Structure formats: structure tokens, C-alpha cells
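Notes follow once the structure below has been shown.
Since this is a predicted model, take the numbers as computed values, not measurements. All values below come from the heavy atoms of this structure, side chains included, with hydrogens, waters and symmetry mates left out.
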Amino acid sequence: MARLSRVLLCYACAGPILQFCVLPWGSNIPRMLGSEMSMGIQAGKLRIIAVAVQVYQVIKAQRAHLPDHYFPLGWTDHTSLSSIEFFDGYVQKRVEYSQAWPKKRRLFMTQVYTACKDSAYLIHAMASPPKIHPHQKQKVSSTTRCVLSGVQDLHNANYGHTDIRWQNIIQCGNSHRLIDLEFVCKLNQRPFTPPGYVRKARPELYSHKWVAEYDLILVGDLLESCKLLDLDGEGQELMHAMQAGSVSAGQALQHPWLTG
């Protein structure tokens, strides 16, 4: 059986000279993949195309071991409210509008982070691995269990998340964490929405005081958005119960679909 090597395919370019490389996992020293090629001559261009096809074949062969989503190192994803810069091993998120928040809101966020600092299923401010959107039943149930645990920790501290989406869930090792606490609010109070931001999921909820059941509705919508073809009766039952707001996070965590 062939040994699977963990490498990063990369290249270096200086003027017309191109060199493909591989960077072994855990190493900062790249290994040359073939010889230098010149884009300034026809033979060099043909060689580059041939090597690019080989590289594509390697990527295709390793497809099962690659993540569903990827981002170039050093790339920055900008939104209207924040920016996320991707580094080797971690990402850095900046909430660009936070400086314009009222002082009362900034103090409130400090209270949120303090109240939930010991939760293993919430992430606070600094580190953020890649985000996910699972499609396999086992992975979805495992992720849902982690999300509900984070939601339960927030509810136990008397806070609601209000922005539970796949974009706000990341994988950390074998676990998953709920991120983006910027929109957290006290339970039984109106949720915070910055000027110009549009709530796309369940907009009707945000005109009311936020209750714990609303977070469960959003978690139920996560399951539905996966469109699992093999979501069995127990999974459907849990999804509908959460979307109906008829279970708490603790009750949902005891459901057979998550404990079986």
C-alpha cells in the first residue's frame, strides 16, 4: 500500500521563470518538483502545461483527503462588517465596525465573553480555523451536538446567540465551535443589529424580544439546509422539534439522534 504524504503543492515565479514545489507538512523548506521552466519560450510553456496537468492529477487523486473549502494563505475575505485574513494554521478576524459601537455595547460584549470564557464550544475573538458546511449524516450530527452545547452554555449564562449559521461554525480538531458572538443579546431583550446589516435568515424573529427557543429554531434550520438524503425519522423529528421551538438545547442534546 502506498504511503500517503501530506504536502502542500505550490510554486515560485520570478519574471518568466516558473518552478513548481512541494512543501512537506510541518516543514518550512520546499522541495523542487522538476526543473525550472521558462514562460518566455515555447518549449517552456508546453512543459508548464504538462506539469500543471500532472499537478491536477495529484490533486484529483487526493480529493478525498482535501477539505471541502480552501483559501489561499495571506488572502483576506472582506464583508461589510468584518475582514478575515488566512494564515498558515490560523486565521485572524477583525470586526471593523466595533470601534463605532456605543460604549454600552462594548461593555456588554465584555460581559458576554467573561460569562462564556470556559465554554469548549464557543470561540472568543482571536483564533478561527476554517469554516464548515457538512453533508454526511455522521458529521452533521456530531457538529449539531457541538453547536447545541455552545448554545446551551450561552443560555445558561442568560444570553442568546441570534446569528447561528454554517458560516459561524468552525472545526477545531475533532470538535466544532460556534463563533461570531458580536450579535449576542440578553435573553428576553431585543437583539442587536448594526445599522445597514440585513438579517437574511428568519427575519421575522428579530422584531421580537429574543428567547432561547429562537436559537433552537436557527439550529433546526441548519439541519434542513444540509439537505441530507439519509436524514432518518429521528433526525427529522429533532429538526422539526427545534424549528417549532418546542425543545431546549439541553433537551435536544438528549435526543436519540444525537446520543445514538
Side-chain angles (χ1 to χ4, degrees), residues 108 111-124 131-193 199-260:
F108 173 77
Q111 295 170 356
V112 171
Y113 289 131
T114 300
C116 304
K117 64 182 176 63
D118 296 324
S119 174
Y121 300 98
L122 298 169
I123 201 159
H124 308 143
K131 299 177 181 179
I132 63 164
H133 191 150
H135 298 283
Q136 294 79 35
K137 174 186 174 183
Q138 184 177 6
K139 193 169 184 179
V140 171
S141 61
S142 172
T143 304
T144 303
R145 194 160 45 243
C146 293
V147 170
L148 285 169
S149 296
V151 170
Q152 184 179 42
D153 290 336
L154 278 171
H155 291 175
N156 288 342
N158 201 35
Y159 295 108
H161 189 280
T162 82
D163 197 29
I164 301 173
R165 300 174 288 138
W166 284 119
Q167 294 91 329
N168 291 338
I169 300 168
I170 56 153
Q171 184 169 350
C172 296
N174 294 324
S175 182
H176 300 84
R177 299 187 185 186
L178 189 57
I179 64 172
D180 280 10
L181 303 184
E182 293 92 332
F183 294 150
V184 163
C185 72
K186 278 277 191 182
L187 290 177
N188 300 310
Q189 292 186 7
R190 289 284 294 271
F192 170 74
T193 301
R199 301 278 195 172
K200 297 180 180 179
R202 298 278 187 168
E204 70 278 4
L205 299 180
Y206 299 93
S207 59
H208 305 283
K209 291 182 178 180
W210 198 263
V211 294
E213 290 80 3
Y214 289 176
D215 278 338
L216 273 294
I217 290 174
L218 298 182
V219 178
D221 288 349
L222 292 183
L223 284 182
E224 185 174 32
S225 69
C226 288
K227 303 185 185 300
L228 287 178
L229 297 179
D230 60 345
L231 186 62
D232 55 25
E234 289 183 341
Q236 292 277 352
E237 179 185 71
L238 176 61
M239 180 184 75
H240 292 313
M242 290 192 293
Q243 289 179 318
S246 61
V247 293
S248 67
Q251 291 170 333
L253 283 167
Q254 299 304 313
H255 193 276
W257 193 72
L258 297 178
T259 59

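- Atom-to-atom distance recorded for Glu224:CD and Gln236:CD is 8.5 Å, nearest 0.5 angstrom.
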Going through the distances and angles, do Leu222 and Thr144 end up as a side chain to side chain contact (heavy atoms under 4.5 Å, CB included)?
CA-CA 8 Å; Leu222 292 183; Thr144 303; over 6 Å; no
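- Contact record, Leu258 with Ala252: CD1-O, 3.2 Å, taken as the closest heavy-atom pair.
- Side-chain contact between Leu178 and Val151 is present, with at least one heavy-atom pair separated by less than 4.5 Å.
- Considering every non-hydrogen atom in both Ser248 and Gln251, the closest pair reads N-OE1, 2.9 Å.
- Annotation: the span from Glu182 atom CD to Asn168 atom CG amounts to 8.0 Å, rounded to 0.5 Å.
- At distances below 3.5 Å, not a single donor-acceptor pair connects side-chain atoms of Asn188 with backbone N or O atoms of Val211.
- To the nearest 0.5 Å, atoms CD1 (Ile170) and CD1 (Ile179) are separated by 5.5 Å.
- The line from CD of Glu204 to OH of Tyr214 is 8.5 Å long, rounded to the nearest 0.5 Å.
- Between Asp215 and Leu154, every side-chain heavy-atom pair lies at or beyond the 4.5 Å cut-off.
- One distance of note links NZ of Lys209 with CZ of Arg190; it measures 9.5 Å at 0.5 Å rounding.
- Residues that satisfy the side-chain hydrogen bond (donor to acceptor under 3.5 Å, both in side chains) test with Asp153, not counting sequence neighbours, are Ser119.
- Considering only heavy atoms from C-beta on, Met242 comes within 4.5 Å of Leu238 through its side chain.
- When every heavy atom of Ile169 is checked against every heavy atom of Val147, the shortest pair comes out as CD1-CG2, 3.5 Å.
- A distance-only check finds no donor-acceptor pair linking the side chain of Trp257 to the backbone of Ser141 [under 3.5 Å].
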Test side chain to side chain contact (heavy atoms under 4.5 Å, CB included) applied to His155 and Leu216, step by step
CA-CA 11 Å; His155 291 175; Leu216 273 294; 3.9 Å; yes
Would you sort out whether Asp221 and Gln243 count as a side chain to side chain contact (heavy atoms under 4.5 Å, CB included), showing the intermediate values?
CA-CA 7 Å; Asp221 288 349; Gln243 289 179 318; 2.8 Å; yes
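- Judged by distance alone, with hydrogens and angles left aside, the side-chain atoms of His161 form a donor-acceptor pair with the main-chain N or O of Asp180 at under 3.5 Å.
- In terms of modelled atom types and a separation under 3.5 Å, the side chain of Arg199 and the main chain of Leu205 share no donor-acceptor contact.
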Chi angles and distances behind the side chain to side chain contact (heavy atoms under 4.5 Å, CB included) call for Gln111, Tyr159:
CA-CA 10 Å; Gln111 295 170 356; Tyr159 295 108; 3.7 Å; yes
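- When all heavy atoms of Tyr206 and Ala201 are compared, the pair lying nearest together is CE1-O, 3.4 Å.
- Summarising the geometry of Glu237 relative to His255, their closest heavy-atom pair is OE1-NE2, 2.7 Å, with the distance given to 0.1 Å.
- Atom OG1 in Thr143 sits 11.0 Å away from atom CG in Leu148 (nearest 0.5 Å).
- Considering only residues two or more places apart in sequence or on other chains, Asn158 meets the side chain to side chain contact (heavy atoms under 4.5 Å, CB included) condition with Lys186, Leu187.
- The minimum heavy-atom distance linking Phe183 with Thr162 is given by the pair O-OG1, 2.8 Å.
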